[in-house]
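The structure under discussion appears below in the form of structure tokens.
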Amino acid sequence: MSEITEKLPDKPASDSVRPAEILIVDDTPGSLQLLNDLLTGAGYVVRVASEARMALHSAKARPPELILLDVRMPGMDGYELCQRLKGDAATRDIPVIFLSALRETGDKVRGFTLGAVDYIGKPFQPEEVLARVKTHVELYRLQTRLEEQVELRSGQLRVSARQLRESRRRLQELTAFLQSVREDERTSIARELHDELGQALTALRIDIGWLRKHCGVLGSTVVERADSAYALVEHTVDSLRRISEGLRPGMLDVLGLCAALEHLAGQFAERSGIACEFAADRDEYALPENGAITAFRVVQEALTNVARHAGASRVWIDLGCAGGRLRISVRDDGSGFDTELPRQGFGLLGMRERVLMLGGEITIDGNNGTQVVVSLPMNTGETA
């Protein structure tokens with residue numbers, strides 16, 4: 001008749017010194033009693049089962065920290081019980097030590113193949129039993145604590161990852177807001193420069209032009225001063241137009257991205273003395289909101305970096321469409337730079353943020369000159 005009994009220590013131990021709970025499975029009453037007395041005397045909590053099915057039920061109901069399992073039992077033998085234990089997620093991690101008078105290598109190999117951690121031969125040697133039990137209980141507890149620590153750290157990492165993603169999202173929202181405010185402010189300043197100062201300078205140029213025509217009777221000195229004043233106003237008007245275009249390219253709103261970039265390339269070549277070629281595979285590209293200004297600012301920043309740092313003699317700007325995305329390439333024949341350096345300028349960081357905010361991609365190659373490649377999504381329905 002099968003039975004399961006349990007014997008607890010007289011004094012309950014604290015969690016820090018909690019005795020290990022061991023399940024002994026053996027159909028021989030003498031072996032059960034011997035192992036029960038031996039392990040209980042050593043301070044372990046012992047549960048015994050004389051039949052495999054009851055042992056399986058007991059292990060699932062409250063998994064022990066170690067199972068001592070006899071191989072030869074009627075009905076379900078130890079090998080089958082071990083196989084079932086290892087096939088169940090609730091019991092597969094419980095270490096199993098086989099108990100058997102079988103000493104053939106094949107019997108031991110079969111036990112280890114099924115997942116047993118050790119093999120104790122009958123008749124038992126008390127010192128050997130206690131030593132092996134102590135070793136495997138400690139290993140099991142060490143593994144359990146390690147798994148708990150791994151799970152704890154994994155949970156902390158998951159929380160940290162969520163916090164980082166949330167911080168990144170908020171930072172992107174803040175960056176987008178600041179970029180929007182900056183563009184609005186630039187547009188406002190450019191408009192005021194054009195409307196207020198530009199009109200005043202235009203009126204002043206007209207008046208000085210009239211004076212130039214009528215001051216000849218006042219002598220050559222007056223004419224020279226009038227010519228100088230007119231030239232200064234002309235230069236100021238050109239500077240004002242350049243500054244206004246830098247703040248907010250009016251051509252971008254009126255004629256579109258390609259025309260604005262071609263004009264930018266021409267101005268860059270004229271001011272820097274660096275040849276700049278512009279090419280596009282179509283006249284215009286359907287970009288989402290802020291897409292055109294983002295593309296323009298990226299090219300503008302790339303050209304600024306070329307003028308300041310590259311030491312280049314030629315720059316190529318290429319626009320093309322593939323797979324519903326706009327590809328922008330700005331390449332120079334300058335000295336290049338190490339893109340692996342941890343610290344990069346705020347200009348490059350600003351370019352990256354602008355592109356990422358629109359769901360785009362950016363790569364920068366500093367070998368054999370510098371090449372900035374940007375990919376931006378285009379409006380739905382735009383085809384290559």
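Position 1 is the first residue of the sequence, and the numbers go up from there.
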For residues [X] and [Y], determine if any side-chain heavy atom of one lies less than 4.5 Å from a side-chain heavy atom of the other.
| X | Y | result |
| --- | --- | --- |
| Cys215 | Val223 | yes |
| Leu142 | Glu138 | no |
| Lys134 | Tyr44 | yes |
| Thr370 | Val306 | no |
| Arg314 | Glu277 | yes |
| Ile328 | Val298 | no |
| Tyr119 | Ser100 | yes |
| His263 | Leu255 | no |

Closest non-hydrogen atom pair between [X] and [Y], with its separation:
| X | Y | value |
| --- | --- | --- |
| Lys122 | Ser31 | NZ-OG, 3.9 Å |
| Val330 | Ala302 | CG1-CB, 3.8 Å |
| Leu81 | Ala55 | CD2-CB, 4.2 Å |
| Leu23 | Ala59 | CD2-CB, 4.2 Å |
| Leu66 | Val133 | CD2-CG1, 3.7 Å |
| Leu114 | Cys82 | O-SG, 3.7 Å |

So does [Y] get a backbone contact from the side chain of [X], meaning a donor-acceptor N/O pair under 3.5 Å?
| X | Y | result |
| --- | --- | --- |
| Asp118 | Ile97 | no |
| Lys86 | Ile94 | yes |
| Ser167 | Gln163 | yes |
| Glu51 | Met54 | yes |

Hydrophobic clustering (ILVMFWY, side-chain heavy atoms < 4.5 Å, transitive) - are [Y] and [X] grouped together?
| X | Y | value |
| --- | --- | --- |
| Leu211 | Leu204 | no |
| Val299 | Trp316 | no |
| Ile120 | Val137 | yes |
| Val373 | Leu303 | no |

Count the heavy atoms belonging to other residues, nucleotides or ligands that lie under 6.0 Å from [atom1] of [X], then report whether that count exceeds 12.
| X | atom1 | result |
| --- | --- | --- |
| Asp238 | CG | yes |
| His214 | NE2 | yes |
| Glu270 | CD | no |
| Arg225 | CZ | no |
| Arg308 | CZ | no |

Enter the distance from [X]:[atom1] to [Y]:[atom2] here, rounded to the nearest 0.5 Å.
| X | Y | atom1 | atom2 | result |
| --- | --- | --- | --- | --- |
| Leu35 | Leu130 | CG | CG | 9.5 Å |
| Glu361 | Arg325 | CD | CZ | 5.0 Å |
| Leu287 | Thr294 | CG | OG1 | 9.0 Å |
| Ser160 | Gln156 | OG | CD | 7.0 Å |
| Gln83 | Arg92 | CD | CZ | 15.0 Å |

Might you work through the side-chain contact (heavy atoms from CB on, under 4.5 Å) test for Leu68 and Leu39, ending with a clear yes or no? CA-CA 11 Å; Leu68 299 181; Leu39 296 175; 3.7 Å; yes

For residues 200-214, which residue pairs pass the salt bridge (charged side-chain N to carboxylate O under 4.0 Å, His left out) check, not counting sequence neighbours?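 Sorted pair list: Arg205-Glu234, Arg212-Asp227.
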
Carboxylate-amine/guanidinium proximity below 4.0 Å for [X] and [Y]:
| X | Y | value |
| --- | --- | --- |
| Arg170 | Glu166 | yes |
| Glu80 | Arg84 | yes |
| Arg331 | Asp318 | no |

Ring centers of Phe98, Phe112 separated by less than 6.0 Å: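 No, ring centres 6.0 Å or more apart.
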
Let's go through Leu99 and Phe124 carefully: what are the C-alpha distance in whole Å and the side-chain angles of both, what is the deciding distance for side-chain contact (heavy atoms from CB on, under 4.5 Å) to 0.1 Å, and is it a yes or a no? CA-CA 9 Å; Leu99 308 171; Phe124 308 126; 3.9 Å; yes

Side chain to side chain donor-acceptor pair (under 3.5 Å) against Glu151, all qualifying residues, sequence neighbours excluded: Arg158

Checking side-chain contact (heavy atoms from CB on, under 4.5 Å) for the pair Glu65/Thr144: CA distance, chi angles, key distance, verdict? CA-CA 10 Å; Glu65 295 179 71; Thr144 301; over 6 Å; no

Begin from the C-alpha positions of Leu257 and Leu326 and carry the test side-chain contact (heavy atoms from CB on, under 4.5 Å) through to its verdict. CA-CA 12 Å; Leu257 176 63; Leu326 170 63; 4.1 Å; yes

According to ring pair (Phe, Tyr, Trp, His ring centres under 6.0 Å), who are the partners of Tyr140, at least two apart in sequence or on a separate chain? none

